[in-house]
Amino acid sequence: MDLISEIWQRATSTQAPAVPAVVVVTAGVALLCLALPRLWHLTRHALTIVHEGAHATVAVLTGRRLAGIRLHSDTSGLTVSVGRPRGPGMVATAFAGYVGPAVLGLGAAWLLGRGYAVGLLWLLVLALALLLLQIRNWYGLWTVLVSGVVLVGVTWWAPLEWQVTFAYTVTWFLLLGAPRAVLELQHSRRRARGRGQSDADILGNLTRTPGILWVGIFLVVTLGALALGAFWLVG
């Protein structure tokens with residue numbers, strides 16, 4: 001009980017917003033993660049976790065039964081849910097993946113603006129713990145466990161200033177990485193030459209619309225979240 005009480009106290013305490021220099025530096029670190037190929041391949045797994053977690057969350061919220069999540073070494077993933085093969089629930093579930101990191105990043109920026117940097121980190125730990133219950137392959141289990149260990153390590157043992165800095169870096173990475181992932185999606189669709197089974201193609205089949213339309217919608221949503229999130233972080 002003492003441990004739970006201490007976690008709750010830490011999670012609900014507020015911290016002063018980061019100074020402008022920290023905001024800029026953390027944005028630069030996030031951009032480096034996107035720009036350097038090896039670093040991007042490593043950190044891209046974090047976006048995949050959020051992507052698949054968004055599919056899973058919306059599937060449950062729309063009444064579908066979650067059958068499991070798989071994460072792969074090539075940074076791809078798969079979320080399987082059981083329910084009607086068509087309809088609003090399936091459309092919402094398919095739509096959630098690519099916009100998931102942007103929405104989470106936007107929510108994170110909102111929390112940071114109100115001083116809940118440490119609370120944000122504890123929420124991410126809780127989300128990973130819930131996600132872990134649905135992982136159905138060894139690589140996915142390893143990926144989520146490593147991510148959770150890093151988060152717990154920073155949240156429990158790192159100095160408060162480091163925790164705030166880490167929270168800003170994660171938020172920038174989600175906001176900036178979401179549109180990057182959408183651009184990668186379109187690149188892979190072009191290489192597949194219409195034979196792809198991406199979320200955009202699934203949505204196109206479900207709604208009888210071109211897949212490129214959904215790529216455009218993904219990009220608008222993620223760029224909009226980036227603009228608003230950046231405004232909250234910088235302001």
Side-chain angles (χ1 to χ4, degrees), residues 33-34 37-105 108 123-152 170 173-174 177-192 194-206 211 214-215 218 221-222:
C33 291
L34 304 182
R38 290 188 178 181
L39 197 54
W40 169 240
H41 181 76
L42 178 65
T43 57
R44 178 72 168 80
H45 290 286
L47 279 187
T48 303
I49 290 173
V50 178
H51 179 115
E52 301 304 330
H55 279 314
T57 301
V58 174
V60 171
L61 291 177
T62 56
R64 300 179 65 81
R65 181 170 63 84
L66 193 60
I69 300 170
R70 292 177 176 270
L71 305 171
H72 305 128
S73 59
D74 63 355
T75 73
S76 66
L78 177 66
T79 298
V80 179
S81 61
V82 179
R84 292 181 58 191
R86 307 188 74 86
M90 186 61 194
V91 171
T93 299
F95 180 75
Y98 277 96
V99 302
V103 173
L104 180 59
L123 283 175
L124 294 178
V125 170
L126 177 60
L128 281 178
L130 294 174
L131 187 69
L132 189 64
L133 300 176
Q134 295 297 329
I135 298 297
R136 295 295 182 266
N137 68 324
W138 287 110
Y139 189 84
L141 181 66
W142 168 254
T143 303
V144 175
L145 280 175
V146 169
S147 301
V149 167
V150 171
L151 268 176
V152 171
V170 170
F173 178 76
L174 292 169
R180 164 81 192 262
V182 175
L183 296 177
E184 281 191 347
L185 163 66
Q186 181 54 24
H187 178 69
S188 65
R189 290 183 73 250
R190 282 201 303 266
R191 292 179 60 185
R195 298 186 302 273
Q197 289 297 315
S198 68
D199 291 352
D201 297 308
I202 291 172
L203 285 164
N205 292 331
L206 288 170
W214 293 99
V215 175
F218 291 157
V221 172
T222 55

**Q** Check residues 78-91 and write down every donor-acceptor pair under 3.5 Å in which the side-chain atom is one partner and the other belongs to a residue at least two apart or another chain.
**A**
| unit_1 | atom_1 | unit_2 | atom_2 | d |
| --- | --- | --- | --- | --- |
| T79 | OG1 | E52 | O | 3.3 |
| T79 | OG1 | E52 | OE1 | 2.5 |
| S81 | OG | R64 | NE | 2.9 |
| R86 | NH2 | N205 | O | 2.7 |
| R86 | NH2 | L206 | O | 3.0 |

**Q** Considering non-hydrogen atoms only, spot the tightest contact between T222 and A178 and give its length.
**A**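 Closest approach of T222 to A178, heavy atoms only: CG2-CB, 3.8 Å.
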**Q** At their closest point, which heavy atom of H55 faces which heavy atom of A94, and how far apart are they?
**A**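 In terms of heavy atoms, the two residues are closest at CE1-O, 3.3 Å.
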**Q** My understanding is that only residues two or more places apart in sequence, or in another chain, count here; which of them pass side chain to side chain contact (heavy atoms under 4.5 Å, CB included) with Q134?
**A**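 Result, side chain to side chain contact (heavy atoms under 4.5 Å, CB included) vs Q134: L66, I69, R136.
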**Q** Side chains of N137 and H72: does their closest heavy-atom pair fall under 4.5 Å?
**A**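 With C-beta onward as the side chain, the pair touches.
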**Q** Is there side-chain contact between L71 and I49, with at least one heavy-atom pair below 4.5 Å?
**A**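 They are in contact (side-chain heavy atoms under 4.5 Å apart), so the answer is yes.
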**Q** Who passes salt bridge (Lys or Arg N to Asp or Glu O under 4.0 Å) against R180, sequence neighbours left out?
**A**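 Scan of R180 (salt bridge (Lys or Arg N to Asp or Glu O under 4.0 Å), adjacent residues dropped) gives E184.
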**Q** Considering only distance and modelled atom types, tabulate donor-acceptor pairs under 3.5 Å from the side chains of residues 138-150, sequence neighbours left out.
**A**
| unit_1 | atom_1 | unit_2 | atom_2 | d |
| --- | --- | --- | --- | --- |
| Y139 | OH | H45 | NE2 | 3.4 |
| T143 | OG1 | Y139 | O | 2.8 |
| S147 | OG | T143 | O | 2.9 |

**Q** Closest approach of S198 and L185, non-hydrogen atoms and distance?
**A**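 In terms of heavy atoms, the two residues are closest at CB-CD1, 3.4 Å.
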**Q** Under 30°, 30 to 60°, or over 60°: which ring-plane class applies to F218 and W214, parallel, tilted or perpendicular?
**A**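 Tilted: the ring planes of F218 and W214 meet at 30° to 60°.
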**Q** If every non-hydrogen atom of Y98 is compared with every non-hydrogen atom of A181, which pair is closest and at what distance?
**A**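 Closest approach of Y98 to A181, heavy atoms only: CE2-O, 3.7 Å.
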**Q** Any chance you could measure L47, atom CG, to T75, atom OG1, to the nearest 0.5 Å?
**A**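 Spacing of CG (L47) from OG1 (T75) equals 9.0 Å.
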**Q** Taking all non-hydrogen atoms of both residues, which atom of A92 and which atom of T62 are closest, and how far apart?
**A**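 Looking at all heavy atoms of both residues, the closest pair is CB-CG2, 4.2 Å.
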**Q** Which pair of non-hydrogen atoms, one from G100 and one from A54, has the smallest distance, and what is that distance?
**A**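 Minimum heavy-atom separation between G100 and A54: CA-CB, 3.8 Å.
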**Q** At what distance, to the nearest 0.5 angstrom, does CG of L124 lie from CG of L174?
**A**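 Here the rounded value is 7.5 Å.
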**Q** Does A127 have any side chain to side chain contact (heavy atoms under 4.5 Å, CB included) partners at least two apart in sequence or in another chain, and if so, which?
**A**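 Partners of A127 under the side chain to side chain contact (heavy atoms under 4.5 Å, CB included) test: none.
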**Q** Does D74 have any side chain to side chain donor-acceptor pair (under 3.5 Å) partners at least two apart in sequence or in another chain, and if so, which?
**A**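 Per chain and number, D74 pairs via side chain to side chain donor-acceptor pair (under 3.5 Å) with S76.
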